[in-house]
S.K.: 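Sharing a structure, written as structure tokens. Questions coming.
Atoms considered below: every heavy atom in the structure, side chains included; atoms not considered: hydrogens, waters and symmetry mates.
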Amino acid sequence: MENLSIELRNVSKRLGPNQALDKISLSFKASTIHGLIGPDGAGKTTLMRILMGLLHPDEGELAFKSAGKTYSQKEARLSMAYMPQSQSLYGDLSVSEHLDFFRDLYGIAEKDYQTRRQELLQITRMAPFVARPAGHLSGGMYKKLGLMCALLPSPRILLLDEPTTGVDPISRRDFWALLYRLVEESHLLILTSTSYMDEAARCGNVHLIESGKTIASGAPREVLAQEKVKTFEELFVRHAKIP
């Protein structure tokens, strides 16, 4: 399955008393970094979990497409990887041991694993730290380890939930450079959620949501021009004042 894209049509989800998503319709095309932008509680994580199949929508449809063919979510999941906001890495296991663990978890053949392992260590510049326990990594390196574990099975869709939260500015910059390289070399569909407004401009397409509803969607500059604002902060502030 190559160059997977995703379409959501009128997807809604209620979690307890809260309407987490309210008739969301969005398109995520392949070979692009998509930013799911919004404050805490906007519905970003709920949407990520629905895409991954961890939650089921109350209503609406999801479509996964490649080369004109539509795939079921069950089929598409084989080509998807999800990096949750709270990663469950093992503090006493080294970088190398984590990669070995996920090799066994995904059932990757040893020859394919060694090739993929070297590629990932090179692209993340983590090769000098393979013996270091995860609990002794910096925040940025810890995120890179989580990303490597997610990328090990060579997914076509990568879902990243708040991957730069709690990471210092330099590591955030390096993380984004890594995402650009992944899209350029592997043509992944990357969907990353963030509440950092400055990261919206780094995306190929942005999808702004607030209280489970779509505010705007499109290329960053086009969205700002269409909404007649200079920053995404201004757009959210203006929206919050509208009854």
S.K.: Is there any ring-ring contact (aromatic ring centres under 6.0 Å, His included) pair reaching into residues 16-69, and which pairs are they, with sequence neighbours excluded?
M.R.: F28-H34, F28-H207, H34-H207

S.K.: Is there a side-chain contact between F175 and L160 in this structure, where contact means two heavy atoms from C-beta onward sitting under 4.5 Å apart?
M.R.: yes

S.K.: Answer with yes or no whether the hydrophobic clustering places L89 together with L152; edges join I, L, V, M, F, W, Y residues whose side-chain heavy atoms lie under 4.5 Å apart.
M.R.: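 Yes, L89 and L152 fall within the same hydrophobic cluster.
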
S.K.: Can you measure from CD1 (I6) to OG (S27) and round to the nearest 0.5 angstrom?
M.R.: 10.0 Å

S.K.: Would you call L179 and W176 a side-chain contact if the rule is heavy atoms closer than 4.5 Å?
M.R.: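 Counting from C-beta outward, L179 and W176 do come under 4.5 Å.
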
S.K.: Side-chain donor-acceptor contacts of residues 37-52 below 3.5 Å, not counting sequence neighbours, with atom names and distances?
M.R.:
residue, atom, partner, partner atom, Å
K44, NZ, G38, O, 2.8
K44, NZ, P39, O, 2.9
K44, NZ, E162, OE2, 3.4
T45, OG1, D161, OD1, 3.3
T45, OG1, D161, OD2, 2.8

S.K.: Considering residues at least two apart in sequence or located in another chain, which fulfil the side-chain hydrogen bond (donor to acceptor under 3.5 Å, both in side chains) criterion with Q226?
M.R.: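 Applying side-chain hydrogen bond (donor to acceptor under 3.5 Å, both in side chains) to Q226 gives none.
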
S.K.: Taking only residues two or more places apart in sequence, or in another chain, which ones meet R132 in a side-chain hydrogen bond (donor to acceptor under 3.5 Å, both in side chains)?
M.R.: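 So R132 forms no side-chain hydrogen bond (donor to acceptor under 3.5 Å, both in side chains) with any residue.
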
S.K.: Enumerate the ring-ring contact (aromatic ring centres under 6.0 Å, His included) contacts for residues 135-165, please, sequence neighbours excluded, ordered by first and then second residue.
M.R.: none

S.K.: Applying ring pair (Phe, Tyr, Trp, His ring centres under 6.0 Å), can you list everything that pairs with F101, at least two apart in sequence or on another chain?
M.R.: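 By the ring pair (Phe, Tyr, Trp, His ring centres under 6.0 Å) rule, F101 matches Y90.
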
S.K.: To the nearest 0.5 Å, what is the distance between OG on S96 and CE on M126?
M.R.: 11.0 Å

S.K.: Can you measure from CZ (R156) to OG (S186) and round to the nearest 0.5 angstrom?
M.R.: 6.5 Å

S.K.: With rounding to the nearest 0.5 Å, note down the distance linking CG in L26 to OG1 in T214.
M.R.: 4.5 Å

S.K.: Hydrophobic clusters here meaning ILVMFWY residues chained together by side-chain heavy-atom distances under 4.5 Å, can you tell me if Y82 and L120 are in one?
M.R.: no

S.K.: As a quick check of understanding, evaluate side-chain hydrogen bond (donor to acceptor under 3.5 Å, both in side chains) for Q122 and Q118, giving each step before the final call.
M.R.: CA-CA 6 Å; Q122 179 183 14; Q118 292 307 313; over 6 Å; no

S.K.: If a pair satisfies salt bridge (charged side-chain N to carboxylate O under 4.0 Å, His left out) and one of its residues is in residues 185-206, list it, with sequence neighbours excluded.
M.R.: R172-D198, R172-E199, R181-E185

S.K.: Could you list all the salt bridge (charged side-chain N to carboxylate O under 4.0 Å, His left out) pairs where at least one residue sits in residues 139-153, not counting sequence neighbours?
M.R.: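 Every candidate salt bridge (charged side-chain N to carboxylate O under 4.0 Å, His left out) pair involving residues 139-153 fails, so no pair, neighbours aside, qualifies.
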
S.K.: Answer yes or no: is there a donor N or O on one side and an acceptor on the other, between the side chain of T231 and the main chain of E234, under 3.5 Å?
M.R.: yes

S.K.: Quick one: salt bridge (charged side-chain N to carboxylate O under 4.0 Å, His left out) partners of E184, sequence neighbours excluded?
M.R.: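 By the salt bridge (charged side-chain N to carboxylate O under 4.0 Å, His left out) rule, E184 matches no residue at all.
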
S.K.: Nearest heavy-atom pair of L145 and A134: which atoms, and what distance?
M.R.: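 Where L145 meets A134 most closely, the heavy atoms are CD2-CB, 3.9 Å.
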
S.K.: Once rounded to the nearest 0.5 Å, what's the spacing between atom CG of L62 and atom OG of S72?
M.R.: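 These two atoms lie 11.5 Å from each other.
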
S.K.: Taking the inter-plane angle between the rings of H98 and F102 on a 0 to 90° scale, is it parallel (under 30°), tilted (30 to 60°) or perpendicular (over 60°)?
M.R.: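 Because their plane-to-plane angle is under 30°, the rings of H98 and F102 count as parallel.
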
S.K.: Tell me every residue that passes salt bridge (charged side-chain N to carboxylate O under 4.0 Å, His left out) with D174, counting only those two or more places apart in sequence or in another chain.
M.R.: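 D174 satisfies salt bridge (charged side-chain N to carboxylate O under 4.0 Å, His left out) with R125 once adjacent residues are dropped.
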
S.K.: If you look only at pairs with a residue in residues 207-224, which of them pass as a salt bridge (charged side-chain N to carboxylate O under 4.0 Å, His left out), with sequence neighbours excluded?
M.R.: D22-K213

S.K.: With sequence neighbours excluded, give me every salt bridge (charged side-chain N to carboxylate O under 4.0 Å, His left out) pair touching residues 88-101.
M.R.: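 Of all non-adjacent pairs touching residues 88-101, those that pass salt bridge (charged side-chain N to carboxylate O under 4.0 Å, His left out) are D100-R103, D100-R117.
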
S.K.: Shared ILVMFWY cluster between M141 and L93, side chains joined below 4.5 angstrom?
M.R.: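 Same hydrophobic cluster.
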
S.K.: Give the cluster check for L147 versus L105: same hydrophobic cluster or not, with ILVMFWY residues linked at side-chain heavy-atom distances below 4.5 Å.
M.R.: yes

S.K.: Please check this pair: side chain of R173 against backbone of D168, looking for a donor-acceptor N/O pair closer than 3.5 Å.
M.R.: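 Side chain of R173 to backbone of D168: no pair is present.
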
